[in-house]
There are 2 protein chains.
Amino acid sequence: MPSKPTPPSPNAAAQAPRATIEDVAQKAGVSKATVSRFLNRRDELLTPAIAQRVEAAIAALGYSPSPMAQALKRGRSRLIGLVVADVTNPFSVAVLRGAEKACQEAGYLLMLFNLGDDGRRERDAIELLDAYQVDGIILNTLGRDEGAAAAAARHGRPVVLVDRRHANMPADFVSLDNAGAVRDACDHLLQSGWNQFLFVTEPMAGVSSRMEREAAFRLFLADHPEVRGRSLESHVEHPGRLDAELRGGREGDRRLAVLASNAVITLRVADAVARLGWRFGEDLGFVGIDETDWAPLVGPGLSTVGQPTEALGRLATACLLERLQGRDVPPRQILLPGTLNVRGSSVRKTSG
Amino acid sequence: MPSKPTPPSPNAAAQAPRATIEDVAQKAGVSKATVSRFLNRRDELLTPAIAQRVEAAIAALGYSPSPMAQALKRGRSRLIGLVVADVTNPFSVAVLRGAEKACQEAGYLLMLFNLGDDGRRERDAIELLDAYQVDGIILNTLGRDEGAAAAAARHGRPVVLVDRRHANMPADFVSLDNAGAVRDACDHLLQSGWNQFLFVTEPMAGVSSRMEREAAFRLFLADHPEVRGRSLESHVEHPGRLDAELRGGREGDRRLAVLASNAVITLRVADAVARLGWRFGEDLGFVGIDETDWAPLVGPGLSTVGQPTEALGRLATACLLERLQGRDVPPRQILLPGTLNVRGSSVRKTSG
DNA sequence: TTGTACGCGTTATCAG
DNA sequence: CTGATAACGCGTACAA
């Protein structure tokens, strides 16, 4: 009859179970409470001799406290949840990097949840994060499921939205200044001599950033009667639609330029241009929102408006941390400017 | 004197604390044990009437068990840790997607940890994951810190390595068949009429996949005395080195082709080619390992060998799950073939 | 079939 | 300054 029955380990390699605070206390000949104090409340002085013994025991056993148990007891986990609509989106990954750095510096750990572009999973994701006692949640999602995020917020968890607003969600919001970015791009195209604009976006489908960009484009047109313009929702299933629109837009002596609403659209436009045998900067002007590492390599280089992705991630985290420290201010909106990268695709070059 | 002192909530919005199993039990007029059984051991029959009451209470309170408490009690967390050297690497993200899908299907949650290319953080990451009682760990890291992973394994956690082997780490290993991929690429280039090869890689720095690819290239050269070849470690600080090598390689009537060891190098080569004013497929042949969505857009299209990223992620997860179910087999190696995508950069076109 | 009581690893309160 | 002891939310022998 074993005094300590071997736990039913699934893996035969299991050998040394993690040391607990109890083990440390025993080895140091003190109580658990003392060890705990040594760890968490360095200010309350302990007798040097005791501190020494505890320290030695901790080192000898390679002890580190269980975050799980800590979270259970404290109700806080030093975990921050990040829900992303689609990890494949380089924008999201870039934001993630910024958020992660900020978290790391503040001693938080980032728990990533990817929706794989399945909006229905949003509620599950948030509930799970909530269950894991995350201290805050960063959302870069559609927010189609109204109330999912709100429920988490009701449990007292600060929430911050990145790039995409949610309906009726009074949370901090961090994003590119979409209106400014579109305006800058249009101004640049206009000054470069293009006089007909085609704005191409993914199906708006209620995504706030897409809608804001499109609205900014319309506004530009309203302010500039001298330029003709249209906007087009490009569906991935109908690439032909884009080709046709491009061909049609170049009739007469109009000098057509495309403004792509994001990197996905940039890819589609570049595909279409290749199919048509056109050259960027000659047969077609182009600026795309979202900087990518390959933009300089396509044709004469694709002009872009880069987003301050890393800053967005850092700021989102900062908003959370601030609220975690007790500041209770009304929801804020932080809009950051984009950066125009001028390359060959937007500077007019007469073909010939 | 409040009977239930308000917990010191940092956020004024905090209202409804999460319902616990206790709350459910109380509402249903049963014991905690009964609720727990209702949840976990549906096989042990409960009186229908009681089951009904419990179910209703759960629904009414919107109760879901705390994964933290469960993990603490069970020693298992249904969490799988994924440590990635650099989330910016599209390969890693693609693997992540596969792993995530597999996890989701099996009811596991993926906890992501990014090293930001700082190998020193590897030990911390693994220890933290270990502390979170993750049931298994997927590693796509340098493994420079020998023993870090081994320590986790010692606690009985299965570990699987993706793309990069670790020294002295007897764990499952999942990867592209590097030798086969390089051979296929070289064969294709040779058949396409190129007769001088330049293999370009990031500094090997002990990274197993880089070394394997380079070794495969040398092997190819040994088997084909008729082709001349060199390999080059391209350092990001010295882009000029690559330009010089390209210029030098094209002397005489040699028809130079580059084999890029991964997508990062592909980018650098494309940059250099742009600087030199060369055209892919005419002045230079090219195949790159790693498929990207922009490969078709650069020049006449860049030929690539795509990795089965999603399958790698799924398989890595599958290895873990298998061991979690108790199968204790010796470490396996799973090598998957790549896919050659032939585009304009590798088919010779006499410049005119 | 159901309830009681204990422990998982920590932290916090309260005596000593 | 330190040590018992009671939670935190849950699972599970054991008893009823």
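Lettering of chains follows the sequences in order, A, B, ..., and the numbering in each one begins at 1.
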Checklist entry - Mapping B/Q133 and B/I50 to their closest nucleotides on DNA chain C, which lands nearer the 5' end? => result B/I50
Item to check | Presence of donor-acceptor pair under 3.5 Å, side chain of B/K73 and base of C/dG7 | outcome: yes
Checklist entry - For DNA chain D, whose closest nucleotide is more 5', that of B/A33 or that of B/L72? => result B/L72
Checklist entry - Is a side-chain N or O of A/T141 found less than 3.5 angstrom from the main chain of A/V84, in a donor-acceptor match? => result no
Checklist entry - Under 4.0 Å between a Lys/Arg side-chain N and an Asp/Glu carboxylate O for A/R332 and A/E322? => result yes
Checklist entry - Should B/R123 and B/E127 count as an ion pair when the cut-off is N to O under 4.0 Å? => result yes
Item to check | Closest to the B/T47 side chain, choosing from C/dT11, D/dG3, C/dT1 | outcome: C/dT1
Next on the checklist: Output the rounded distance in Å from CE (A/M68) to C1' (D/dC10).
Outcome noted: 13 Å
Next on the checklist: With a 4.0 Å limit, can you tell me whether B/Q70 has a side-chain N or O closer than that to the phosphate oxygens OP1/OP2 of D/dG11?
Outcome noted: yes
Checklist entry - Of all the nucleotides listed (D/dC10, C/dT10, C/dT4), which has the minimum atom distance to the side chain of B/P65? => result D/dC10
Next on the checklist: Nearest whole Å is fine: how far is C/dT10 P from A/D23 CG?
Outcome noted: 9 Å
Item to check | Side-chain N,O (B/S66) to OP1/OP2 (D/dC8) below 4.0 Å | outcome: no
Checklist entry - Counting just side-chain N and O atoms, does A/Y132 come under 4.0 Å of either OP1 or OP2 of D/dG9? => result no
Checklist entry - Rounded to the Å, how far apart are A/L46 CG and D/dG3 P? => result 10 Å
Checklist entry - Do any N or O atoms from the side chain of B/R76 and from the backbone of B/A71 form a donor-acceptor pair under 3.5 angstrom? => result no
Checklist entry - Among the nucleotides C/dT1, C/dT13, C/dT10, which one has an atom lying closest to any side-chain atom of A/R37? => result C/dT13
